[in-house]
There are 2 protein chains.
Amino acid sequence: MGMIRCTKCGQVHAIAKSGMVRGKQRYYCKDCHIYFTLPDPGNTGVAGTKRPRPGHIATILDIAKALNISKSTVSRALQGHTDIKKETREAVVKMAGKLDYQPNLLAKSLVKSKSNTIGIIVPEFVNYFFPAVIMGAQEIASEAGYNVIICQSQESVKTEIANTKVLLASRVEGVIISMTRETSDFDHFKAFGRHGVPIVFFNRICEKIPASRVMVNDYEGAYNAVEHLIANGYRRIAHISGPPNLRLSQNRINGYLDALKAHKLPSHRSWIIHHDLTAANASDSAKKLLSLRSRPDAIFCVNDPAAIQTLLYAKSIGIKVPDQLGIVGFSDDPISSIIEPQLTTVKQPVSEMGQIAMRILLDQIKLGPGPHKPVHTKLLTNLIVRQSSVRDHP
Amino acid sequence: MGMIRCTKCGQVHAIAKSGMVRGKQRYYCKDCHIYFTLPDPGNTGVAGTKRPRPGHIATILDIAKALNISKSTVSRALQGHTDIKKETREAVVKMAGKLDYQPNLLAKSLVKSKSNTIGIIVPEFVNYFFPAVIMGAQEIASEAGYNVIICQSQESVKTEIANTKVLLASRVEGVIISMTRETSDFDHFKAFGRHGVPIVFFNRICEKIPASRVMVNDYEGAYNAVEHLIANGYRRIAHISGPPNLRLSQNRINGYLDALKAHKLPSHRSWIIHHDLTAANASDSAKKLLSLRSRPDAIFCVNDPAAIQTLLYAKSIGIKVPDQLGIVGFSDDPISSIIEPQLTTVKQPVSEMGQIAMRILLDQIKLGPGPHKPVHTKLLTNLIVRQSSVRDHP
DNA sequence: GTGAAAGCGCTAACAT
DNA sequence: ATGTTAGCGCTTTCAC
């Protein structure tokens with residue numbers, strides 16, 4: 001073993017290498033039965049005074065060393081533990097400030113097996129709806145001391161699956177989801193359940209998963225909207241619907257159909273068009289409907305962006321709204337009150353939706369692991385009557 | 001020590017308690033010099049076969065045990081290390097699936113001192129602008145394998161400071177920021193620099209920090225907008241500006257003033273109103289300007305939401321746009337092309353702004369620690385002439 | 001009231 | 001090709 005001498009007996013003959021400690025070779029003296037490492041050559045002063053390289057972020061250990069106390073004490077002081085001497089706590093806090101200490105949430109989450117993080121998955125960010133829901137949700141989460149990771153699935157199942165992986169890997173404590181328009185396989189959502197991570201669906205819910213849901217009364221909202229059109233003298237009422245696999249599309253169609261039925265009005269297969277919720281596609285759908293030989297005199301749209309495209313298209317080809325065509329949307333997008341004529345719409349409580357979804361989720365988290373009874377919340381919509389559906393002389 | 005017997009010699013007299021291991025009491029036999037723990041009473045089978053309690057998330061150790069290999073091998077197999085036997089890798093992957101293994105990013109980030117996470121701080125989510133920028137940014141981040149934590153400061157410095165703390169604690173590798181309208185103290189941003197976390201400001205930049213910036217040519221955009229108004233015969237041109245401490249407000253004011261000066265048109269102190277960028281406040285500002293004895297015949301607005309409120313207010317009191325009042329906005333919000341008359345606006349590349357900010361940030365991260373030369377990017381705007389500023393007979 | 005040490009789940013350097 | 005071990009930064013028994 002060369003010139004290594006035991007720190008106790010000074011002998012050289014009985015020394016063996018024995019692993020590494022903090023990057024330094026550890027030796028073992030077979031005579032003295034002791035382990036030791038060589039003192040740092042470049043640091044002949046007090047042992048362990050290794051000053052932090054620049055760019056090093058201070059840890060509780062740095063604070064502890066600086067104050068000559070243990071890191072447990074520092075940890076306790078920083079957490080506001082009661083049984084810590086007042087002066088000690090003050091010294092720790094002061095030193096933390098001096099060393100520009102920033103707690104490491106990753107380490108904390110790891111040791112506590114609790115990330116204090118909520119995941120949110122939404123399909124897009126383009127329209128008013130989802131950012132507004134997120135605002136509401138984030139507000140409640142912050143109040144409860146939770147952070148939020150927001151994911152956009154971009155209406156792609158593949159991305160949605162990737163999102164769930166990231167959230168799972170980030171050990172979120174719960175997830176709020178509005179699905180992709182094309183999601184029809186739900187295994188990736190089930191992974192949350194298997195790992196005890198509660199889910200709350202909103203708006204675009206998944207019925208195959210026993211999870212909590214926040215929706216609006218889509219059926220009644222649609223029913224009222226169509227009834228309103230009927231009351232205003234419209235008789236040939238068409239519907240631009242959303243993707244057929246979304247429950248909200250089905251509910252709104254049913255409300256639409258039942259309102260027609262209740263008033264003994266005809267419904268045609270060709271008067272219902274499913275579209276994919278993109279703006280371009282909505283205006284195509286409007287075009288299709290308005291080129292029908294049996295042209296509808298009113299269109300109820302699954303959401304405001306579709307209604308707005310419909311309105312714009314009608315105007316562009318010289319169809320007068322509301323005289324020749326009545327239009328009602330769903331959501332109350334800010335554009336609705338600005339476009340001319342102003343859009344009649346079924347207003348849904350958007351920000352509240354996010355708040356309530358988050359409250360339900362936090363409750364489930366508080367209840368701890370194990371499956372809980374899902375909560376199904378149905379918020380109320382109300383019809384905002386504006387110009388696009390009201391004729392002076394029906 | 002009661003009835004505890006040494007696992008080697010079977011004696012009882014020389015046993016001492018010696019700390020805890022994995023929740024179990026460890027004992028020491030003074031005769032044999034060995035440590036041991038008692039076998040699990042409820043698990044008399046093979047030692048270490050403790051099956052996972054429900055709700056337990058599988059770790060690499062679980063996979064390792066199940067396959068009777070070491071966790072390093074599992075770790076390497078999962079990372080796609082080259083020097084792993086093919087069969088071993090396949091077995092590991094298969095078992096990972098069977099055990100529903102989900103990697104723990106917190107642990108990985110901790111050990112690698114690399115979180116693969118970027119932070120974004122924006123003032124709000126209400127208007128089109130910030131969500132659109134975030135979309136662009138997130139797109140680039142995902143491509144590079146980075147996750148994003150989005151924070152809303154809600155135009156509150158206090159919240160903004162809290163946001164920086166969270167991001168720092170989450171060990172984000174970089175941050176993209178658009179400041180609060182009221183941010184005038186910048187210490188909380190400096191913390192990022194001190195910890196080697198690069199920042200990129202966009203839109204609402206901070207000049208007191210030597211960080212990268214992404215902006216548009218605010219001055220030229222404003223200049224062109226005002227020159228366009230002048231070309232259309234407007235002479236008494238007012239300006240609804242943003243919060244005075246934002247650089248973009250100053251730049252746009254300067255462009256406005258210089259355009260007036262270049263064309264020898266008057267500028268009045270009372271024709272420039274600062275507002276706080278909320279919708280309600282914008283319409284107040286419009287009201288103020290339009291009640292002036294020397295009423296302006298055109299208004300250039302710092303952004304589209306303000307221009308839209310101005311337009312709505314003018315219409316509400318019967319002022320004809322563009323005949324009696326010319327209006328130009330900034331941004332090209334989707335509403336601009338829908339409102340009537342359609343709004344002339346200085347279009348800025350919104351999504352690109354997010355993309356470029358993220359690219360710059362990722363570059364700085366790649367360069368590693370240490371201060372780097374900040375990159376200042378100025379994107380080009382272009383004037384979209386619509387109806388709100390074009391008179392048939394100037 | 002404080003310290004010592006185990007351990008959260010993972011990676012990487014070293015040893016074999 | 002695989003195992004052993006230390007350690008990322010923190011919390012939390014347990015011991016004194």
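Per chain, numbering begins at 1; letters A, B, ... match sequence-line order.
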Enclosure of B/Lys158 NZ (heavy-atom neighbours >12, cutoff 6.0 Å): no
Side chain B/Glu173, main chain B/Ser115, donor-acceptor under 3.5 Å: yes
Near-strand residues of residues 73-89 of chain A, defined as heavy-atom separation under 4.0 angstrom from DNA chain D: A/Ser75, A/Arg76, A/Gln79
Closest-nucleotide ordering on DNA chain D, the 5'-leading residue of B/Asn68 and A/Ala58: B/Asn68
Interatomic distance where CD1 belongs to A/Ile69 and C1' belongs to C/dG1 [whole Å]: 11 Å
Candidate pair A/Leu167 and A/Thr164, rule side-chain contact (heavy atoms from CB on, under 4.5 Å), full reasoning: CA-CA 5 Å; A/Leu167 295 182; A/Thr164 63; 5.8 Å; no
Whole angstrom value for the distance that separates C1' of D/dC8 from CG of A/Leu61: 12 Å
Atom-to-atom span, CG of B/Leu105 to P of C/dC8 - whole angstrom: 19 Å
Full working for side-chain contact (heavy atoms from CB on, under 4.5 Å) between B/Gln152 and B/Thr159: CA-CA 8 Å; B/Gln152 291 178 69; B/Thr159 309; over 6 Å; no
Heavy atoms from other residues, nucleotides or ligands near NZ of A/Lys114 exceed 12 (cutoff 6.0 Å): yes
Any donor-acceptor N/O pair under 3.5 Å between D/dT4 base and B/Ser72 side chain: yes
Euclidean distance, atom CG of residue A/Asn104 to atom C1' of C/dG9 [Å, nearest integer]: 14 Å
Atom-to-atom span, NZ of B/Lys71 to P of C/dC10 - whole angstrom: 9 Å
B/Ile63 CD1 to C/dC10 C1', straight-line distance once rounded to whole Å: 12 Å
Between P of C/dT11 and NZ of B/Lys108, the distance in whole Å: 6 Å
Side-chain donor or acceptor of A/Gln138 paired with backbone N/O of A/Ile134 under 3.5 Å: no
Evaluation steps, side-chain contact (heavy atoms from CB on, under 4.5 Å), between B/His372 and B/Asp363: CA-CA 10 Å; B/His372 304 292; B/Asp363 283 349; over 6 Å; no
Interface with DNA chain C, restricted to residues 109-119 of chain A and to heavy atoms under 4.0 Å: A/Leu110, A/Val111
A/His81 backbone acceptor or donor facing A/Arg89 side chain under 3.5 Å: yes
Intermediate values then yes/no, side-chain contact (heavy atoms from CB on, under 4.5 Å), B/Ile60 and B/Tyr101: CA-CA 8 Å; B/Ile60 51 169; B/Tyr101 170 76; 3.6 Å; yes
